[in-house]
Number of protein chains: 2
Amino acid sequence: MDRIFQALADPTRRAIIKRLTVAPQRVTDLAEPFDMSLNAVSKHLKTLEKAELIDRDNRGRTSICSLRTEPLQNVQEWLDQYAHFWGSNLDAFSRHMEQASHTDGIAKADNTKDGDDHE
Amino acid sequence: MDRIFQALADPTRRAIIKRLTVAPQRVTDLAEPFDMSLNAVSKHLKTLEKAELIDRDNRGRTSICSLRTEPLQNVQEWLDQYAHFWGSNLDAFSRHMEQASHTDGIAKADNTKDGDDHE
DNA sequence: ATAACATTCAACCAAAAGGTTGAGTGTTAT
DNA sequence: ATAACACTCAACCTTTTGGTTGAATGTTAT
């Protein structure tokens, strides 16, 4: 749990996660949008990997990263532990109804909220 | 968001949060179970305060800490952003049903999982 | 075979995190 | 008034974090 929350505590890493929800990607592609060295991104990916937030498929000289679901489920379970404490207004059921409106596979260009940079 | 996840990344702080779901408490009481100085706990509380995870009520010489709900809601919203990605098997609806079984106020000695130290 | 590419390793650095101790500031009790 | 209590501040230390650069490794293309 420490490693998961720690991994999520960095904006670069959250941005990487966000990108990975669209599609698995190579290290170079993931690094491209950031104003930092490739090495720095490589290290971030290692952090994400240790937290088991990403998986890697080494295809020859490239390493393709993809999102893993387990850690996010762990976070959800941790949160649910306290659901009774803060639940109510946007509770699990509301979320279910919200979620039911897009049961398709991948990112439905969800611009219903605040455009793009929801982090 | 950085500050929230950062705050949650420490086991001591998560334990403090857990304790605070039972009832608001003084700094000394919160510090008691931990094998570290009162000062160390005081610092942890400051971290939690900066992340707005706790509130304080200064009553004379004591400072009473209580949980705030907003940051946990923010985490939930962040997670929900990706719900479609990992949802399914333990989804929002299941959680709602689970939650529905204990709508009473506070911690129902939830020993259905792994005893006590769910962190 | 050689060059370009994709990625990681290693050493380094500054800043932040998590802890310590000791002193300081109020507040309550006697 | 004095002592005990509940805390916070400040200085310090060590380890971790997030970044850098430069070299090293392995892979594909020519």
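Naming: A, B, ... by sequence-line order, numbering from 1 per chain.
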Please list, chain by chain and in numerical order, all residues satisfying side chain to side chain donor-acceptor pair (under 3.5 Å) with B:R3, sequence neighbours excluded.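 Scan of B:R3 (side chain to side chain donor-acceptor pair (under 3.5 Å), adjacent residues dropped) gives none.
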For a quick test of reading the model, state the closest non-hydrogen atom pair linking B:S63 to B:N58 and the distance between them.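 For B:S63 versus B:N58, the nearest heavy atoms are OG-OD1, 3.6 Å.
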Roughly, in whole Å, what's the span from [atom1] in [X] to [atom2] in [N]?
{"X": "B:L48", "N": "C:dG18", "atom1": "CG", "atom2": "C1'", "value": "13 Å"}
{"X": "A:Q25", "N": "C:dA6", "atom1": "CD", "atom2": "P", "value": "14 Å"}
{"X": "B:D57", "N": "D:dC7", "atom1": "CG", "atom2": "P", "value": "12 Å"}
{"X": "A:L45", "N": "C:dT7", "atom1": "CG", "atom2": "P", "value": "9 Å"}
{"X": "A:R26", "N": "D:dT27", "atom1": "CZ", "atom2": "P", "value": "16 Å"}
{"X": "A:D2", "N": "C:dA17", "atom1": "CG", "atom2": "P", "value": "15 Å"}
{"X": "A:I64", "N": "D:dT28", "atom1": "CD1", "atom2": "P", "value": "11 Å"}
{"X": "B:K50", "N": "C:dG18", "atom1": "NZ", "atom2": "P", "value": "11 Å"}

Is there a side-chain contact between [X] and the phosphate of [N], meaning an N or O under 4.0 Å from OP1 or OP2?
{"X": "B:K46", "N": "D:dC9", "value": "yes"}
{"X": "A:T62", "N": "C:dA6", "value": "no"}
{"X": "B:R56", "N": "D:dT8", "value": "yes"}

Common cluster, B:V41/B:I64, ILVMFWY with side-chain heavy-atom separation under 4.5 Å: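 B:V41 does not cluster with B:I64.
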Taking the side chain as every heavy atom from C-beta outward, state whether B:D57 and B:S66 have any pair of such atoms under 4.5 Å apart.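 Answer no - side chains too far apart.
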Compare all side-chain heavy atoms of B:F5 with those of A:D10 and state whether any distance is below 4.5 angstrom.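 Heavy-atom side-chain distance check fails, nothing below 4.5 Å.
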Side chain to side chain donor-acceptor pair (under 3.5 Å) partners of residues 34-46 of chain A, not counting sequence neighbours, each pair once: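 Counting only pairs at least two positions apart or across chains, the side chain to side chain donor-acceptor pair (under 3.5 Å) contacts touching residues 34-46 of chain A are A:R13-A:H44.
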With B for base contact, S for sugar-phosphate-only contact and - for none (protein heavy atoms under 4.0 Å), nucleotides 18-24 of chain D reads BBBBB--
Would you mind telling me which of C:dC9, C:dT7, D:dA29 lies closest to the side-chain atoms of A:R61?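 Of the candidates, D:dA29 comes closest.
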Basic-acidic side-chain contact under 4.0 Å: A:D2, B:R14: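 Yes.
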